[in-house]
> 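Quick one: this structure, given as structure tokens, is what I'll be asking you about.
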Amino acid sequence: MITWINASAGSGKTYYIIQKIKEIKQSNTNKSKSILCLSYSNAAASEMSERVDSESRKNTSFHTVHSFCNLALKDKSISVINEKESEALINKAVDISLKSNKFLEVVSSFYDESNSLFQSVYEAIKKNIEFKKEFLTKEFPEWNGIKIDKKIIDSLSDGGKLEINLMNSLLYEKCHMGGAPIKSLLTDSGQIRKRLYSSAWKIRNPFSAYFIDEYCIKVFEYVQKKKTFDAYQKSVAITSWVNCIKDNYENLKKESSVLDFNDLINNGIKFISESIYSDNIDVLGLDYIFVDEAQDLSEKQWEFIYALFVKVFNSNPNVKLYVVGDSKQSIYGFQGSSVYVYEGMYKKMQYFAEENKIKFATEVLNKSYRTSPVLLDYIDSTISSTSCKSKHSPVHEFSGRVEIHEYESEKATYGWNIKKANESEYLNKCLRKVIDLQGCNLFSENRGISFNDIMVLTRRRNSELFKFVEMCKSNNIPVKKSLFKFGSEEIVQELVSILKFAIYNDDFSLASILKGPFFKWAERDLLEVCSRRKGSIFDSLNKKNDKHSKVIKTCSRWKKLSFNPVDFYGNLLFSDEYGKFLLQSSFYEIVIEFWNKVVEFTKNNIGSPMMFIEWINGLSESFCSKGEGISISTIHGSKGLESKIVILLLNDSDIKKQKIIFQDGMMVWPVDNPLYMTSKNQRMFDENLENERLLYVALTRPVEQLYIFVKKGSSAFYSDIIMSSSREFKNDNGVLYSGSELTKRNKDCIPV
Ligand SMILES: Nc1ncnc2c1ncn2[C@@H]1O[C@H](COP(=O)(O)OP(=O)(O)OP(=O)(O)O)[C@@H](O)[C@H]1O
């Protein structure tokens with residue numbers, strides 16, 4: 001049986017799964033049912049796990065699709081690299097490709113338009129790595145007589161724009177055909193064309209005007225064709241170079257016997273289809289499979305889930321699959337999920353059910369168990385323009401409040417000091433709001449507001465946000481560090497790398513240790529050692545032992561420690577020079593927390609270092625300063641969570657447009673030809689929808705109070721949506737918009 005539930009935020013989707021598991025566990029059967037719960041993110045998987053009781057947890061496992069696939073690999077002693085390590089490898093793959101003939105070919109074929117070339121090279125690699133300006137200028141001052149001057153490299157920042165300008169000027173201004181500027185020839189009002197018409201009129205030849213038009217059309221077609229052909233050539237060259245980087249990356253992974261996150265899924269699919277299971281997973285014994293946050297899964301992850309379900313179904317036709325999601329909350333487009341994939345999967349599952357004569361059910365959850373009616377009204381009026389509309393009826397009756405503070409974008413002519421003043425005003429107002437909320441009562445409960453009730457959300461982790469955290473601290477407002485997952489804190493990553501290096505002697509771990517706070521190597525130092533080495537980095541350092549004696553001595557000491565996590569970190573933190581350094585550093589608090597985690601792990605597990613590494617990397621809980629505090633998170637990170645009060649910092653400059661456009665696996669060169677324009681428009685359309693879905697996720701987190709601080713940037717995307725809906729909600733005094741509904745209900749409750 002397959003059950004598919006698509007329902008709005010706060011309608012109880014996760015609650016449904018939890019209740020279902022409870023019911024299954026409480027039903028009177030002899031055998032305890034085996035349940036697998038899959039989700040997209042660590043946060044969602046651990047949220048589910050945290051919300052079930054201990055009885056339900058028996059014989060039930062909670063995983064992300066990745067961690068489930070990783071489990072299948074466990075016995076195979078292959079290590080899985082995280083995103084940071086994968087980025088370092090891509091970096092290396094680019095270095096190799098810069099020295100390859102492929103790149104030289106690209107450079108030569110594009111030389112006459114080298115500005116555009118470097119622009120695209122930059123754009124092509126910028127997505128994943130930092131551009132190697134220094135590296136390019138230093139290592140390649142000249143190629144085949146082509147001089148790469150600093151100016152060219154410095155101008156690499158605006159992918160595609162220069163190219164479009166160039167093409168426009170070719171078409172409209174600077175290009176001369178037999179002395180006639182094309183713009184003048186091609187437009188009806190152009191001088192040259194007018195002149196041609198008037199001479200045609202003079203010679204009184206009835207066909208001459210017709211010939212002029214024909215001629216103009218031919219020139220126009222020629223320019224279009226040339227542009228398309230140039231664009232095609234460039235797209236092919238750059239795509240083949242990007243593919244060369246990809247091949248290098250694949251080879252580097254192979255050489256070091258590592259897998260990245262994408263490989264995990266591919267391997268998972270392979271294991272399932274070839275029936276190779278590790279002992280860690282009893283795939284065929286599953287009775288129930290639950291999939292939460294299904295709208296966030298990528299096509300590959302779905303492929304895995306489908307393969308898994310079919311496999312289990314073939315051995316146990318009674319297996320039940322529950323898929324739960326909300327197409328309005330699909331916000332991981334950059335990682336391959338999309339509404340199209342989600343809806344396509346619905347049809348595929350329905351078809352599977354029909355083919356195999358099993359029941360395909362859908363359930364309707366149309367009540368909101370989270371949000372105050374006032375907020376629901378506001379959400380519906382704000383999001384109403386799109387498919388995101390979510391009308392569902394409120395269960396609660398308590399009041400709510402929405403307040404909007406808008407900031408205009410700074411005018412360039414006012415200079416930089418205005419910009420600064422505006423920014424701090426924006427953050428100060430937000431801080432003021434947090435302070436003012438103390439001492440007020442909640443609407444939904446009969447008690448005062450505590451810091452724990454407040455969640456601050458933002459689109460990106462940017463410098464503004466860090467400034468805000470600093471401002472909170474200096475105003476004695478405690479902040480929970482939910483912005484960072486414990487497992488991805490820099491120092492936690494370093495501590496994990498040390499254990500990994502001690503066990504595997506691998507280059508990635510050593511490289512990240514060397515660049516970390518203890519050894520503080522610059523990228524250049526590392527590059528110098530890596531480029532000339534034979535064998536591992538550690539071996540090559542060993543050979544030049546005088547210069548690197550500190551590294552050698554320290555690392556050799558670590559290699560001798562027992563690998564049992566508690567012994568390893570006990571020695572490292574409390575009897576080693578490294579530990580002394582850490583405990584005296586600003587990382588002190590987090591290192592102690594890390595040690596507590598090591599002890600906690602050892603208490604509950606057999607203590608294998610591999611298991612520890614996986615466990616600590618996957619820890620989704622946030623590192624929290626002691627006691628209560630406001631939580632701060634990106635909108636992506638707040639998925640599935642709720643908070644009594646949400647303060648939303650929206651900054652239109654946070655919306656960054658992707659500049660590279662791929663169509664059918666090939667990069668489309670940015671010129672104004674029809675293919676590029678169609679792809680670009682489609683991309684913009686998709687991006688806008690995703691940005692709107694992101695707004696929907698943010699607006700649906702609060703239970704009763706929402707404060708939006710919106711700052712107009714170049715795109716004005718969010719400010720337009722927020723301000724146009726707020727007009728409807730403007731109160732009589734024209735003060736901050738609280739919504740007519742809410743002012744009526746809450747006038748007396750809230751100090752304004
Ligand atoms: N049937 C119910 N009875 C009582 N409370 C419920 C019910 N369903 C949901 N809730 C409560 O409503 C809130 C929202 O539920 P839940 O998190 O399951 O919604 P959701 O649909 O998964 O939301 P999101 O899409 O934002 O993740 C939770 O506090 C939950 O405990």
Side-chain angles (χ1 to χ4, degrees), residues 3-23 26 37-53 56 62 64 290-297 322-332 337 339 342 362-376 378-380 382-383 387-398 400 442-445 452-455 457 482 620 631 633-646 648 690 692-706:
T3 306
W4 192 288
I5 301 170
N6 182 57
S8 297
S11 59
K13 296 183 292 298
T14 310
Y15 186 89
Y16 177 93
I17 295 183
I18 310 296
Q19 289 304 106
K20 208 78 217 167
I21 296 175
K22 244 190 209 167
E23 269 171 37
Q26 283 165 1
C37 297
L38 291 174
S39 189
Y40 169 76
S41 65
N42 276 320
S46 51
E47 230 242 332
M48 266 198 292
S49 159
E50 277 159 27
R51 280 168 67 170
V52 296
D53 54 31
S56 303
F62 298 89
T64 61
F290 288 92
V291 181
D292 194 14
E293 304 279 4
Q295 75 284 342
D296 287 333
L297 298 169
Y322 289 85
V323 178
V324 165
D326 180 3
S327 51
K328 298 186 294 303
Q329 296 187 62
S330 172
I331 53 171
Y332 281 97
S337 71
V339 177
Y342 176 64
T362 50
E363 292 222 19
V364 181
L365 303 179
N366 55 5
K367 290 196 177 113
S368 170
Y369 286 90
R370 172 178 298 147
T371 312
S372 131
V374 168
L375 263 69
L376 280 180
Y378 174 72
I379 296 164
D380 283 331
T382 306
I383 307 282
S387 53
C388 280
K389 196 154 175 68
S390 74
K391 201 86 191 163
H392 52 329
S393 52
V395 167
H396 303 299
E397 290 186 341
F398 54 77
L442 287 171
F443 301 124
S444 53
E445 283 175 48
N452 283 346
D453 297 318
I454 303 172
M455 175 155 78
L457 292 183
S482 50
S620 63
S631 52
S633 166
T634 57
I635 301 174
H636 281 99
S638 73
K639 197 77 182 299
L641 305 179
E642 63 186 36
S643 179
K644 298 279 184 206
I645 299 168
V646 167
L648 177 59
E690 178 134 332
E692 191 147 20
R693 290 194 295 267
L694 198 70
L695 182 63
Y696 174 80
V697 171
L699 299 184
T700 51
R701 297 310 100 198
V703 171
E704 57 166 71
Q705 296 179 44
L706 172 64

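One is the number of the first residue; the rest follow in order along the sequence. All ligand and atom numbering here is 1-based and tracks the order in the structure.
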> Quick one: which of Lys639, Arg370, Gln19, Glu642 has a heavy atom closest to atom 24 (P) of ligand 1?
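Among Lys639, Arg370, Gln19, Glu642, the closest heavy atom to atom 24 (P) of ligand 1 comes from Arg370.
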> Using 0.5 Å steps for rounding, measure from the CG atom of Leu457 to the NE2 atom of His636.
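Reported to 0.5 Å precision, the distance equals 12.0 Å.
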> List the closest protein heavy-atom neighbour of atom 19 (O) of ligand 1: residue, atom name, distance to the nearest 0.1 Å.
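For this ligand atom, the closest protein heavy atom is Gly12 N, 3.2 Å.
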> With respect to atom 2 (C) of ligand 1, which of Tyr696, Tyr15, Tyr16 exhibits the smallest heavy-atom separation?
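Checking each option, the heavy atom nearest atom 2 (C) of ligand 1 is found in Tyr15.
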> So do Tyr40 and Tyr332 actually touch side chain to side chain, heavy atoms under 4.5 Å?
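They are in side-chain contact.
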> Given Ile17, which partner from the list Ile5, Val52, Asp292, Val291 fulfils the side-chain contact (heavy atoms from CB on, under 4.5 Å) test?
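With Ile17 as partner, side-chain contact (heavy atoms from CB on, under 4.5 Å) holds for just one option, Asp292.
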> One pair to check against side chain to side chain contact (heavy atoms under 4.5 Å, CB included): Val703 and Phe398. What are the steps and the verdict?
CA-CA 10 Å; Val703 171; Phe398 54 77; 3.5 Å; yes
> Which atoms of ligand 1 sit under 4.0 Å from any heavy atom of Lys13?
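Within the 4.0 Å cut-off of Lys13, ligand 1 contributes 18 (O), 19 (O), 20 (P), 21 (O), 22 (O), 23 (O), 24 (P), 25 (O).
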> Using 0.5 Å steps for rounding, measure from the OG1 atom of Thr700 to the CG atom of Leu706.
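Thr700 OG1 to Leu706 CG: 10.0 Å, rounded to 0.5 Å.
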> Nearest to atom 10 (N) of ligand 1, what protein heavy atom do you find, and at what distance?
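The closest heavy atom on the protein side is Tyr369 CB, 3.4 Å.
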> Taking Asp453 as the fixed residue, which of Lys644, Gln705, Glu704 is the one that meets the side-chain contact (heavy atoms from CB on, under 4.5 Å) rule?
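Single side-chain contact (heavy atoms from CB on, under 4.5 Å) partner of Asp453 among Lys644, Gln705, Glu704: Lys644.
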> For the atom pair OG (Ser330) and CZ (Arg693), what is the distance rounded to the nearest 0.5 Å?
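Here the interatomic distance stands at 4.5 Å.
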> Nearest heavy atom to atom 27 (O) of ligand 1 wins, so pick from Gly640, Ser8, Ser638.
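Selected option, by shortest heavy-atom distance: Gly640.
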> Return a yes/no value for Gly10: is any of its N or O atoms, backbone included, closer than 3.5 angstrom to an N or O of ligand 1?
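By distance alone, the answer is yes.
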> Please tell me if the side chains of Gln19 and Tyr15 come closer than 4.5 Å, counting only heavy atoms from C-beta onward.
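They are in contact (side-chain heavy atoms under 4.5 Å apart), so the answer is yes.
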> Could you tell me, atom by atom, which parts of ligand 1 come under 4.0 Å of a heavy atom of Arg701?
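Selected atoms, number and element: 26 (O).
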> Show which atoms of ligand 1 fall inside a sub-4.0 Å distance from at least one heavy-atom site of Thr14.
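In order of number, 18 (O), 22 (O).
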> Hey, is ligand 1 close enough to Asp326 that some N/O pair sits below 3.5 Å?
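No; every N/O pair is 3.5 Å or more apart.
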> Counting only heavy atoms closer than 4.0 Å, does ligand 1 sit against the backbone of Gln329, its side chain, both, or neither?
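Only the side chain of Gln329 comes within reach of ligand 1.
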